[in-house]
Amino acid sequence: MKSNFPSWSVVLFAALVLYPLFPAFDQHFFNVTSRSLGVELPGLFLFAILALALNVVVGYTGLLHLGIAAFFGIGAYTVGILTAPINPFGISFWAALLVATVVATLAGLLLGAPALRLRGDYLALVTLGFGEVVRFTIKNLPAITEGPKGVSPLPAPVLPGVTVDWNTDYRPFYYLALAALALTFYFLYRLERSKLGRAWVAIREDELAASCMGLNTSRLKLAAFAVTAGIAGFAGGIYATKMTSTVGPEAYDFNKSIFVLCCLILGGLGSRSGVLLGVFLLYGFDYILSPIIDGFIQASGLGQGKIWQQFSGWRLIVFGLVLIVVMRVRPQGLLPNDRVEEELRHAPPATGV
């Protein structure tokens, strides 16, 4: 197993750090839309954190999890409730973010404890159900969560001794989200190479053999659920503050969980670099590339306002076809973990019934 970061990831990180220093490029990149790439990238960074979180329980441990968006929402609403001026708490963003991470971690333990004996589809159904319970709980507690509207407005973070324009300048949130992504990436890099990380991989490859070797598989699974939930809550807290609102419970539905899972599958399960590539391709396609193509179509006069003449109306078809092709041609993902790729290479071919 390689002990160093891939060279391309270091170059990419350096490019992302330097990008806001060239405002002229950012202004002209989206010259066919009203959007700015710099404004869109923080969302991509936060989504990458969410995908890295899911990779812990799905990629490392091999457990199918379909409720990651619920923990994202728990983190967002915890920060929203604790920082919004309409509530009496009024604590700082940084303290609220810490509380959100802890609350999401506890929620992960709450979900993981009764589901430890479940596997495969049964575990997936439990996590799916948990996600729906969280979403409808948020919607039906208007006195606390403002119901479908979401909690708003949320104040911007405060840096001691520093004046920062969080509202009109995209760069503060850009660097905050990028720093959070780098911190998460490095944390999981160290965790993957720890005793705990190797134990998770052992469970993924053969849970019975891992148990016979003396590993407490129940505690290890519970730890995976807790780490996944905590990181997701951390990302959700930053997301809500960036949006100045928790947005609403529908922003944390089953579709978001599936979208994150698709990023893992496309990039490569168990591979941190693969996860980032999957998020870059899918999120970038949906939120960055599609508006650019629509802008070109409208600027050329071909759109005429009809949905079938807009690329955004066809993007889900393209999205699905790409996933089908990738799963047929490269089922291990575009940038898989070395161990997973080796397992799939030597796996026996599927036979028809």
Side-chain angles (χ1 to χ4, degrees), residues 12-30 33-53 69 71-85 90-101 104 150-187 230-248 251-252 256 260 263 276 279-280 283-284 286-288 291:
L12 177 60
F13 180 74
L16 291 173
V17 170
L18 295 174
Y19 177 81
L21 303 181
F22 300 91
F25 179 75
D26 184 65
Q27 291 173 3
H28 294 92
F29 193 90
F30 275 68
T33 74
S34 59
R35 302 189 182 192
S36 162
L37 182 61
V39 173
E40 294 296 331
L41 282 177
L44 187 149
F45 299 155
L46 295 176
F47 210 86
I49 296 175
L50 187 61
L52 287 171
F71 301 105
F72 191 61
I74 288 172
Y77 270 88
T78 300
V79 168
I81 292 170
L82 294 178
T83 62
I91 69 175
S92 70
F93 162 75
W94 307 104
L97 185 61
L98 177 61
V99 174
T101 304
V151 181
S152 65
L154 304 186
V158 176
L159 298 174
V162 181
T163 301
V164 179
D165 182 8
W166 297 90
N167 296 320
T168 59
D169 189 353
Y170 77 87
R171 287 174 294 182
F173 270 116
Y174 178 97
Y175 281 118
L176 174 61
L178 181 60
L181 175 58
L183 178 64
T184 303
F185 191 88
Y186 181 73
F187 169 71
I231 296 175
F234 172 72
I238 301 175
Y239 172 79
T241 304
K242 177 186 178 299
M243 301 297 293
T244 68
S245 169
T246 57
V247 182
Y252 314 102
K256 187 175 291 291
V260 179
C263 292
L276 295 184
V279 171
F280 175 79
Y283 186 98
D286 205 23
Y287 291 90
I288 298 176

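Here the side chains of Tyr77 and Tyr252 are in contact, with some heavy-atom distance below 4.5 Å. The shortest distance between side-chain heavy atoms of Phe173 and Val39 does not fall below 4.5 Å. No side-chain heavy atom of Pro153 sits less than 4.5 Å from a side-chain heavy atom of Ser245. Counting only heavy atoms from C-beta outward, the side chains of Asp165 and Tyr170 never approach each other to under 4.5 Å. Using a 4.5 Å heavy-atom threshold, the side chains of Tyr19 and Leu37 count as touching. Contact check for Leu16 versus Phe45: side-chain heavy atoms found under the 4.5 Å cut-off. Residues Tyr239 and Val247 have side chains in contact (heavy-atom distance under 4.5 Å, counting atoms from C-beta outward). Between Leu18 and Phe13, every side-chain heavy-atom pair lies at or beyond the 4.5 Å cut-off.
The distance from atom CG of Leu50 to atom CD1 of Ile231, rounded to the nearest 0.5 Å, is 10.0 Å.
Judged by distance alone, with hydrogens and angles left aside, the side-chain atoms of Thr244 form no donor-acceptor pair with the main-chain N or O of Ala240 at under 3.5 Å. With hydrogens and angles disregarded, a donor-acceptor distance shorter than 3.5 Å links the side chain of Trp94 to the backbone of Val158. When atom types are taken as modelled, the side chain of Thr83 and the backbone of Leu154 share no donor-acceptor pair closer than 3.5 angstrom.
For Leu181 against Ile49, the heavy-atom pair with the smallest separation is N-CD1, 3.6 Å. Between Pro157 and Thr241, the shortest heavy-atom distance links the atoms CD-CG2, 3.7 Å. Counting all heavy atoms, side chain and backbone alike, Ala235 lies closest to Phe72 at C-CE1, 3.5 Å. Heavy atoms only, all atoms of each residue included: Lys242 and Pro42 are closest at CE-CB, 3.4 Å.
Annotation for Tyr175: atom OH counts as buried by contact number, over 12 foreign heavy atoms lying within 6.0 Å.
Two rings, from Phe47 and Tyr287, have their centers 6.0 Å or more apart.
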